[in-house]
Number of protein chains: 4
Amino acid sequence: MSMRADARRNRDQILAAARKIYLAEGFTVPMDEIARAAGVGVGTLYRRFPDRDALLRGLAIDAIQQVTALGEIAWQEERDAWSALRRFVHEGSELNRVVAAVRPHLIDAVPDDEELFQAGVAWFELLSRMVVAAQEAGDMRGDVAPGDVLLMLNLLTRPLAGLPAELGAGLPDRFSDVMFDGLRADSPTPLSGAPITRWWA
Amino acid sequence: MSMRADARRNRDQILAAARKIYLAEGFTVPMDEIARAAGVGVGTLYRRFPDRDALLRGLAIDAIQQVTALGEIAWQEERDAWSALRRFVHEGSELNRVVAAVRPHLIDAVPDDEELFQAGVAWFELLSRMVVAAQEAGDMRGDVAPGDVLLMLNLLTRPLAGLPAELGAGLPDRFSDVMFDGLRADSPTPLSGAPITRWWA
Amino acid sequence: MSMRADARRNRDQILAAARKIYLAEGFTVPMDEIARAAGVGVGTLYRRFPDRDALLRGLAIDAIQQVTALGEIAWQEERDAWSALRRFVHEGSELNRVVAAVRPHLIDAVPDDEELFQAGVAWFELLSRMVVAAQEAGDMRGDVAPGDVLLMLNLLTRPLAGLPAELGAGLPDRFSDVMFDGLRADSPTPLSGAPITRWWA
Amino acid sequence: MSMRADARRNRDQILAAARKIYLAEGFTVPMDEIARAAGVGVGTLYRRFPDRDALLRGLAIDAIQQVTALGEIAWQEERDAWSALRRFVHEGSELNRVVAAVRPHLIDAVPDDEELFQAGVAWFELLSRMVVAAQEAGDMRGDVAPGDVLLMLNLLTRPLAGLPAELGAGLPDRFSDVMFDGLRADSPTPLSGAPITRWWA
DNA sequence: GATGAATGAGGCTTCATTCAT
DNA sequence: GATGAATGAAGCCTCATTCAT
C-alpha cells in the first residue's frame, strides 16, 4: 500500500526541513517550527511521525541509508579500500553530520528498533569491509577496529556551534584528513584501550 | 569582595553537582534536580547563578581555568612542547569533556562575556605556545594551527551516549592518540581548508 | 425524499458501530475510530452526520423510537398497565442504556431540536399512559409521576464501569426490579420533593 | 513532614473548586479552568496533583472518607441499622454525588491504588455492616447484598444534566426513598441475577 | 460519493524563574 | 540567607472538522 503522491511529497518536505533546521539550531526546536518550515500543519507532521523521536528516527534511517549507498558506490568504483574509504568519508560528510547529530538522541533506542538497527548494521558492515581490507592491504594500522573509525568519524563530524558557516562546513573533511594520517599503517604510537568492534554500544 | 565561607561552599557544591549531572544526563536536566543533587534549594541555586546560562558559564570558566592550570604545569615540567601537549591533553581529558559539552550552549555569548572570554584567551594562548613550539621543534606538521588542535580536541572529547561507561571514559585518550599520530610532522597528506587560528569562531 | 439504498446502509452501519463503541468505551472515542468500526472513511461519516452532536442525536432518536415501538407492542399485548410497564422496561433495557448514556450530552439541545423533541414526547407520552393507568388500577403508588419513573430508569440503566461484562449486563433488570417493588402501591414511605412531570427538564 | 500552611490551603481550595466544577460541568473541563476557579496557577495545581487522574483520585478519597465518617456517626447514634442506613444515605447525598460522578473514571485503577482501595474498603465495610444488620433485624429483604445497595446508590446519585438545579439536588433523596421501599423485607418480587458482594468489580 | 490526508485550535504537562515564608 | 511553593509561558500531542484526490 504505497502513499498518495501528496503524502509522499509532504513526508519528504518534512524530512528535508527537519534536517536543515536541526543542523542549524539543534534539537530543541519546537515541532511547530519544523512543521512551518516544511510548509505543513503540525497535524500533518504528527501523522507522518507519531512523535518527536519518530521524526529523528526517520531522519537517521534516511541519512544512514543514503550514506551506505554512497559507500557502496565508492567501494565498487575505487581500486583499493583505502581510497574507497576516504572517498566515502569525503562524499558522505554532509550526511554524516546528520547521523552524528542524531546519534546521542537515538542510540539507546537502537537495540529495540528493527529498522534502525538494520540500517545501522548494513552501514557498519560496509565500513568494516573497507577497514579490514585497508588493513590487509597494509594501508591502515592494525590496532584499530571498524568501531574506532566509526566513532571518530561520528565525533569529528559533529556540529561546532559558533563558527561561520563556510568555515564549519569544511571542517569534517579537514579533520578526517588528519585522522586518516593518524590511521596510516606506519604510525607507531601504541593506543590505550581496546579496539571498538561494535557500532551501537 | 570575597565570599563568605558558606557561600563559597554552596557555590562549589552546586558546580560539582551540575558538572556531574550534566555529564551523565545531558543538558536537559531541570534546575530542581541540580539543586537537589547539590543539597540546596532552588532558591539558593538561583542566588548563586541568576539563571541557567550563568550556571553553564560558571561551569565553563571553572573547567577552563583548571585545564589551563594543568597545562601550565605540564609546560613547565616537560622538556619539549610535544610531550607537554600530549600530557596536557591526557591529564585534562576529564575537564575537556566539560568544556566540550558546554561549548555549543555558550559559544555565541563568548564575545560579550569578559570573564569567559579572558579564560578562553588564556587557555588558547597556552595551547598556541605549545603548538607553535612543537612545530618549530619539527614534531608537528606545519599546516595546522592551534585552532585546529583545539577544535579537534573539543570534538574528540564529546560524550558518546550509549557506550558502557568504562569504554566511553577511555575513548578521548585513545582517539587523541590517533589524532596526535596524524599531527606528526612526517604526515604528508595535504589538508583541505585553511588553518584555524581563533578559538571562539 | 428518501435516501438511496447504499446511503441508508451506510447510515445504519455508522449508527450501529457508534452505539456499540460508545457503550463499550464511553463518549471519548474519536470520530476516526467510529468511522473505522463502521467500515467507512471519516469523510462518509461526516457526510451523514455533519458533526459529533448530530451523530449522538441520530443515536438518540433511533434508540428512543425503537424503545417507543417496543413499548407500544407491550402496551397492546399485555392485559394490565403494570405488566406492560415491566415488560417494556425489561425488553428495552439495552436501548435504554443507549438513551441513558446519551442524555447528558444532548439534553440541553432538546428544546431546540424538533425531531429529537418529538421522539422524546412520543416516548414520554407512552410512559405516562402506562404510569397513570397503573396508578388508576391501584398497582402503583400515587405520589410519583411519569418523570420520576423515566429519570430513575435513566439512572438505573447507566453503565457501571469496572464490572465484569456478564455481571453488568444484568444489573438494569435486577435494579429495576427493586425499583418496581418500591413503586408498588402499598409502599408507605412519603417521598421528599415533588413528582416529576416533564421528561426533558 | 506536614505541609506549609499556604500549601494546605491551596490544596483544599483546589479540591473544593474541582468538586464544584466537575459536578456542574462534567469531567471535560480543562485543568486551567479548575486552577483558575481555585485561584491558583496551573503549576500549583500540578504540584499538588501530578496529573488529571491524581486530582480525581484526591477528590474521590476525600469524599469517600467524609462519607464514611458520616456513616460511622449515624451508625453509633441511631438505634437500629435501618434508620442508620437511611440517615447515612440522606446525609451523604451530596458527597455521594461526587463519588458517583468520579467512579467511571477511576474504577479501573482502584485495585492498583492502595490508598483509594483502602478508603473504598472502609466505606464498603461500614455499608456491609449496616445492610447485614438491617437484614438480620428483618427490615431489609434478604436477596440483596451490600454491593447491590452500593451500586444502586451510586447510580441514583449520578448527575442528571439539564434539570433546574433546585430540582436536581433533591432527586437522590427522592429516588433513594423509592429504593428503600423496594428494599423492605416484605417485598416479594424475586430478583434476577446474583447478589453483588464486592464494591469494585 | 467515498476516501483519508491536512489543518490547527485547544488540552495536558513541564520547568525556568520569582516570591512568600 | 535558605527554602521550596507558586507562577505561567511554551512545548508536545490529539482529534474534530475540512478539503484535495
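Quantities reported herein were computed from a predicted structural model and do not represent experimental measurements. Letters A, B, ... mirror the listed sequences (proteins, then strands); counts begin at 1.
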Looking only at side-chain atoms of Arg52(A), point me to the closest of dC15(E), dC12(F), dG4(F). dC12(F)

Residue mapping more 5' on DNA chain E - nearest nucleotide basis, Asn10(C) or Gly43(A): Asn10(C)

Rounded to whole Å, the CD1-P distance (Ile14(A) to dA5(E)) equals 13 Å

Between Arg47(C) and Val40(A), which is nearer to the 5' end of DNA chain E once each is assigned its nearest nucleotide? Arg47(C)

Between Thr44(D) and dA5(F), is there a contact of a side-chain N or O with OP1 or OP2 at under 4.0 Å? no

Side chains of Asp113(C) and Glu115(C): closer than 4.5 Å at any heavy-atom pair? yes

Winner on side-chain proximity to Asp32(B), out of dT14(F), dT7(F), dA16(E), is dA16(E)

Write down the distance between CD (Glu33(B)) and C1' (dT14(E)), rounded to a whole number of angstrom. 13 Å

Closest to the 5' end of DNA chain F, once Asp53(A) and Asp53(C) are matched to their nearest nucleotides, is Asp53(A)

Under 3.5 Å for both donor-acceptor distances, Watson-Crick or wobble: does dG11(F) have a partner, and if so which one? dC12(E)

Atom CZ of Arg36(A) and atom P of dA9(E): how far apart are they, to the nearest Å? 12 Å

Tell me the partner of dT21(E), counting only Watson-Crick (N1-N3 plus N6-O4 or O6-N4) or G-U wobble (N1-O2 and O6-N3) with both under 3.5 Å; none if nothing fits. dA2(F)

Take atom CG of Leu45(B) and atom P of dT17(E), then tell me their distance rounded to the nearest Å. 10 Å

Is there side-chain contact between Asp112(C) and Phe117(C), with at least one heavy-atom pair below 4.5 Å? no

Nucleotide of dA16(E), dT14(E), dG11(F) approaching Tyr46(D) most closely (side-chain heavy atoms): dT14(E)

Less than 4.0 Å between a side-chain N and a carboxylate O, is that true for Asp53(C) and Arg57(C)? no

dT17(E) P sits how many Å from Phe49(B) CZ, rounded? 14 Å

What is the separation between atom CG on Leu56(B) and atom P on dA16(E), rounded to the nearest whole Å? 11 Å

Establish, with yes or no, whether the OP1 or OP2 oxygen of dA2(F) is under 4.0 angstrom from a side-chain nitrogen or oxygen of Arg48(B). yes

Tyr22(B) and Ile34(B) have their tightest heavy-atom pair at OH-CD1, 3.3 Å

Between dT14(E) atom P and Phe27(B) atom CZ, what is the distance in whole Å? 23 Å

Please report, rounded to the nearest Å, how far the C1' atom of dA6(F) is from the CZ atom of Arg11(D). 17 Å

Find out whether Val102(A) and Ile107(A) are in side-chain contact, i.e. whether some heavy atom of one side chain is under 4.5 Å from a heavy atom of the other. no

DNA chain F: Met31(A) or Val42(B), which has the more 5' nearest nucleotide? Val42(B)

